[in-house]
Amino acid sequence: VALIEALGNTRLVKGDAAIGLVFPALFSVGVILIALALGALLGGRLADSPRGDRLLTGILVGSALWTAIVPLIAAPLGDALLPQDLKLDHAMPALVRGSLVATLVLFAPGVALAGCLTPMLVRRVAACHGQVGRASGGIAAMSTIGSLAGTFATMHWLVPEVGSRATIWCSAVLLGV
């Protein structure tokens, strides 16, 4: 709602158009949150499995590899979802569906894999130190700080300086390290 009002207040976008711009973004956020939740569920099951510790590295590498291919498949996917000859009066439904499909294909798999990590790390740290509360609290805090730092670095430094593709590839490298 605040985003719709902010767009409307700029007088660059009318109210209905602002709503049309915000809904695809909200769908994308919803898809990401669902992928994160499903990853956490899977990660909890994997953490309790006998091979949980061995899977941790593979999940990190899998998430890094998926992130690395995003820039390579984004343009062809975008062309398929939003053709050049699309008439303007058909653009909004295509944008809404396209943003949903693009988020599912491009970002949900990597986010789901990353979502697996928290329960696996909690299990591993708690096993070493014997304190589940401290382990989960510390990991949640570090995750939040990392998310904030990544968000601010991405928006205010990386994308303006090196562009979207290089920023995504930097993220892939950091995940794989």
Side-chain angles (χ1 to χ4, degrees), residues 1-3 22-74 76-78 80-81 96-159 162 164-177:
V1 173
L3 186 54
V22 170
F23 277 129
L26 292 176
F27 288 142
S28 296
V29 169
V31 169
I32 295 298
L33 290 174
I34 290 169
L36 194 58
L38 291 174
L41 284 172
L42 177 61
R45 291 182 186 271
L46 294 174
D48 289 335
S49 76
R51 40 181 232 268
D53 283 346
R54 290 189 309 255
L55 292 172
L56 188 60
T57 302
I59 289 171
L60 272 169
V61 170
S63 183
L65 289 174
W66 189 264
T67 301
I69 68 165
V70 165
L72 304 175
I73 63 175
L77 180 63
L81 295 172
V96 171
R97 282 190 305 274
S99 69
L100 180 63
V101 171
T103 304
L104 278 168
V105 171
L106 297 174
F107 301 111
V111 169
L113 287 171
C116 289
L117 298 173
T118 298
M120 297 178 83
L121 289 171
V122 167
R123 170 81 178 208
R124 191 169 199 177
V125 172
C128 292
H129 301 289
Q131 297 176 323
V132 176
R134 283 191 185 194
S136 64
I139 289 168
M142 293 307 295
S143 174
T144 302
I145 290 167
S147 294
L148 287 170
T151 299
F152 290 129
T154 298
M155 296 307 296
H156 298 290
W157 178 58
L158 285 168
V159 170
V162 300
S164 303
R165 285 177 182 242
T167 298
I168 292 172
W169 284 325
C170 286
S171 298
V173 167
L174 288 174
L175 278 169
V177 172

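Numbering starts at 1 and runs along the sequence shown.
Atom CG in Leu55 sits 11.0 Å away from atom CG in Leu117 (nearest 0.5 Å). Taking CE of Met142 as the start and OG1 of Thr118 as the end, the distance is 12.0 Å to the nearest 0.5 Å. Distance check: Leu38 CG to Leu113 CG gives 11.5 Å after rounding to the nearest 0.5 Å. Rounded to the nearest 0.5 angstrom, Ser136 OG and Leu121 CG are separated by 12.0 Å.
Between Pro119 and Ala47 the shortest heavy-atom distance is O-CB, 3.7 Å. When every heavy atom of Ser28 is checked against every heavy atom of Ser99, the shortest pair comes out as OG-O, 3.8 Å. Heavy-atom minimum distance, Gly110 versus Trp66: N-CD1, 3.6 Å. Contact detail for Pro76 and Ile73: the closest heavy-atom pair is CD-O, 3.4 Å. Val111 and Ala35 make their closest contact through CG1-CB, 4.1 Å (heavy atoms, listed as atom of the first residue, atom of the second, distance). Of all heavy-atom pairs between Val125 and Ala135, the closest is CG1-CB, 3.7 Å.
Partners of Asp48 under the side chain to side chain donor-acceptor pair (under 3.5 Å) rule, at least two apart in sequence or in another chain, are Arg123. For Arg124, the side-chain contact (heavy atoms from CB on, under 4.5 Å) criterion is met by Asp53, Leu56, not counting sequence neighbours.
Contact annotation: the side chain of Val31 never approaches that of Phe107 to less than 4.5 Å [non-hydrogen atoms, C-beta and beyond].
A donor-acceptor pair under 3.5 Å links the side-chain atoms of Thr144 to the main chain of Ala140, judged by distance alone. A side-chain donor-acceptor contact under 3.5 Å links Ser49 to the backbone of Leu46. In this structure, the side chain of Ser63 does not engage the main chain of Ile59 through any donor-acceptor pair within 3.5 Å.
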Which donor-acceptor pairs under 3.5 Å do the side chains of residues 168-177 make with protein atoms, sequence neighbours left out?
residue, atom, partner, partner atom, Å
Trp169, NE1, Ala68, O, 2.8
Ser171, OG, Thr167, O, 3.2

